[in-house]
Trainee: 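Supplied in structure tokens, the structure appears directly below.
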Amino acid sequence: VVARTVGLGVGCIEEFPNSARNKEILINFSQAVGDFAWWTPNYCKSRRVSLINAHASQNLGKFSALVRVPLHFSEAIVSRLLWSYGFDTSKFGPDAPDRLTKLAAELSKGESRLCELKGKVVRVASVVLMRIEDTTTGRTLVEVEHVGSDGSSKDTKRLPGLKLRPQEDLHDAIARLVKQRLQLDLTAVRVLQGKTEVIEEERESDDYPGFQTLYRMHLVTAEVTTASVADSSTPTCPETEATACPPSDGVMDVSDQDSQV
């Protein structure tokens with residue numbers, strides 16, 4: 001009854017003798033992925049299962065296998081990795097130090113990773129792109145320009161997107177893109193089920209000249225409905241049920257579908 005109450009399903013309860021107590025109880029239960037059991041600390045110790053950090057003597061505390069281990073990539077580490085595979089960072093041009101700093105930051109956040117592919121090192125990034133269509137006018141929301149933190153701008157003409165973080169699933173990434181990047185009301189954006197496409201493309205990244213990137217792009221189709229229709233000849237965003245027009249591209253920093261939030 002207790003096992004069912006806590007959601008463990010039907011299992012078997014076994015009693016084991018213990019020198020410190022009269023008895024210890026193990027609750028075993030089975031699921032499709034395997035067999036599991038609740039073990040007491042003393043029983044874990046008897047079976048040589050470590051429950052604490054190997055450096056507990058240094059007061060570093062307990063560890064959790066459910067918490068993502070933080071990674072730290074410095075510019076020097078990234079430079080050595082690229083050099084070990086024969087990639088010359090001078091291809092990054094005069095901005096090479098800044099580009100290495102940016103690459104180290106995104107590797108540390110888990111927004112991309114370096115992998116070996118056919119004997120060469122490539123950058124791998126999972127990207128979420130949204131094709132948001134206005135059901136009234138038939139127009140599609142497009143990022144037309146990117147304005148960097150230094151005030152420089154460049155034409156982009158691409159769908160809104162960002163990189164998928166390691167702790168996110170597709171639904172989380174869509175919510176972050178809609179609410180934080182586009183600043184739209186998530187409840188007014190209707191994601192069309194069964195319309196998501198996964199596309200793989202290997203090409204040189206605009207942010208890292210000469211460096212190949214394998215993009216795994218999740219193309220999500222969604223709809224919004226116009227609340228007040230603007231002149232169809234005007235290439236601006238109409239107001240929608242979600243909100244007024246998205247902020248300027250200076251706020252929507254999606255360079256290389258990167259994430260700054």
Side-chain angles (χ1 to χ4, degrees), residues 65-75 77-78 81-82 85 87 89 92 98-133 140-143 146 148 154 156-184 186 189-223 246 249 251-261:
L66 302 180
V67 177
R68 180 173 171 264
V69 178
L71 301 176
H72 175 69
F73 287 86
S74 65
E75 297 86 338
I77 291 175
V78 174
L81 281 171
L82 298 180
Y85 279 91
F87 181 81
T89 56
F92 288 169
D98 292 337
R99 296 183 191 276
L100 285 172
T101 298
K102 181 177 181 178
L103 181 56
E106 71 174 42
L107 290 171
S108 297
K109 288 189 292 185
E111 292 184 338
S112 70
R113 58 189 185 276
L114 299 180
C115 298
E116 181 179 336
L117 181 64
K118 299 178 181 178
K120 64 178 182 179
V121 62
V122 297
R123 173 173 162 264
V124 179
S126 294
V127 176
V128 178
L129 300 174
M130 288 196 72
R131 182 168 52 209
I132 304 177
E133 299 175 351
T140 301
L141 184 63
V142 176
E143 180 200 357
H146 167 70
K154 67 176 180 180
T156 50
K157 297 181 177 63
R158 62 189 177 195
L159 296 176
L162 47 69
K163 290 191 181 73
L164 189 68
R165 291 176 174 173
Q167 73 274 21
E168 287 181 323
D169 58 21
L170 188 58
H171 180 271
D172 295 331
I174 292 171
R176 181 161 61 91
L177 174 58
V178 171
K179 293 192 297 184
Q180 297 183 18
R181 283 297 183 77
L182 302 179
Q183 297 183 10
L184 302 177
L186 185 61
V189 179
R190 297 179 293 277
V191 175
L192 303 185
Q193 301 298 319
K195 295 288 188 177
T196 300
E197 304 173 49
V198 180
I199 305 168
E200 286 197 355
E201 178 185 10
E202 185 179 348
R203 59 180 171 84
E204 185 176 310
S205 168
D206 294 337
D207 282 356
Y208 308 105
F211 194 33
Q212 291 296 111
T213 295
L214 175 62
Y215 290 99
R216 292 195 175 103
M217 295 174 285
H218 301 263
L219 180 57
V220 179
T221 301
E223 293 178 341
D249 292 316
V251 178
M252 296 165 52
D253 186 1
V254 288
S255 175
D256 197 23
Q257 280 77 43
D258 199 359
S259 170
Q260 302 296 325
V261 257

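All values below come from the heavy atoms of this structure, side chains included, with hydrogens, waters and symmetry mates left out. Given the structure is predicted, the values throughout are model-derived calculations rather than measurements.
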Trainee: Got a sec, which residues hit ring pair (Phe, Tyr, Trp, His ring centres under 6.0 Å) with F211, two or more places apart in sequence or on another chain?
Mentor: F87
Trainee: Under the 3.5 angstrom rule, does the side chain of S126 hit a backbone N or O of L164 as a donor-acceptor pair?
Mentor: no
Trainee: Quick one: pull up CD1 in I132 and OG1 in T140 and give me the separation to the nearest 0.5 Å.
Mentor: 9.5 Å
Trainee: At what distance, to the nearest 0.5 angstrom, does CG of L82 lie from CZ of F92?
Mentor: 6.0 Å
Trainee: Taking all non-hydrogen atoms of both residues into account, name the closest pair between L186 and A175 and its distance.
Mentor: CD2-CB, 3.9 Å
Trainee: Applying salt bridge (charged side-chain N to carboxylate O under 4.0 Å, His left out), can you list everything that pairs with E204, at least two apart in sequence or on another chain?
Mentor: none
Trainee: Distance from Y208 atom OH to L100 atom CG, nearest 0.5 Å?
Mentor: 9.0 Å
Trainee: Closest heavy-atom contact between E116 and G119?
Mentor: OE2-CA, 3.9 Å
Trainee: Once you round to the nearest 0.5 Å, how far does CD of E143 lie from CZ of R158?
Mentor: 4.5 Å
Trainee: Does this structure show an ion pair linking E197 with R131, if we count only N-O contacts that are shorter than 4.0 Å?
Mentor: yes
Trainee: Heavy atoms, side chains only, cut-off 4.5 Å: are V178 and M130 in contact?
Mentor: yes
Trainee: Ignoring hydrogens, what is the shortest heavy-atom contact between C115 and V124? Give both atom names and the distance.
Mentor: SG-CG2, 3.8 Å
Trainee: What pairs with K120 under salt bridge (charged side-chain N to carboxylate O under 4.0 Å, His left out), at least two apart in sequence or on another chain?
Mentor: E202
Trainee: Rounded at 0.5 Å granularity, tell me how far CG in L162 sits from CG in L177.
Mentor: 4.5 Å
Trainee: Is the closest side-chain heavy-atom distance between P160 and R181 below 4.5 Å?
Mentor: no
Trainee: Run the numbers on R176 and V128 for side-chain contact (heavy atoms from CB on, under 4.5 Å), then give the verdict.
Mentor: CA-CA 10 Å; R176 181 161 61 91; V128 178; over 6 Å; no
Trainee: Please evaluate residues R203 and T213 with respect to the criterion side-chain contact (heavy atoms from CB on, under 4.5 Å), reporting the C-alpha separation (whole Å), side-chain torsions for both, the decisive distance (0.1 Å), and the verdict.
Mentor: CA-CA 6 Å; R203 59 180 171 84; T213 295; 5.9 Å; no
Trainee: Looking at L103 and S112, what are the two nearest heavy atoms and their distance?
Mentor: CD1-OG, 4.4 Å
Trainee: Closest approach of D207 and R99, non-hydrogen atoms and distance?
Mentor: O-NH1, 2.5 Å
Trainee: Considering all heavy atoms of both residues, which atom of L114 and which atom of V121 are nearest to each other, and what is their separation?
Mentor: CB-CG2, 4.1 Å
Trainee: Salt bridge (charged side-chain N to carboxylate O under 4.0 Å, His left out) with K118: which residues, sequence neighbours excluded?
Mentor: none
Trainee: If the condition is side-chain contact (heavy atoms from CB on, under 4.5 Å), which residues does A104 pass it with, not counting sequence neighbours?
Mentor: F73, V78
Trainee: Counting C-beta onward and ignoring hydrogens, is there a side-chain heavy-atom pair between V189 and L182 closer than 4.5 Å?
Mentor: no
Trainee: For a 4.5 angstrom cut-off between non-hydrogen side-chain atoms, does V220 reach I174?
Mentor: yes
Trainee: Do K109 and K163 come close enough that some side-chain heavy atom pair is under 4.5 Å?
Mentor: no
Trainee: Got M217 and V198 here, is their nearest side-chain heavy-atom distance under 4.5 Å?
Mentor: no
Trainee: Verify side-chain contact (heavy atoms from CB on, under 4.5 Å) between L107 and I77, making sure each step is shown before the conclusion.
Mentor: CA-CA 11 Å; L107 290 171; I77 291 175; over 6 Å; no
Trainee: Go through the structure and list residues passing salt bridge (charged side-chain N to carboxylate O under 4.0 Å, His left out) with R216, not counting sequence neighbours.
Mentor: E200
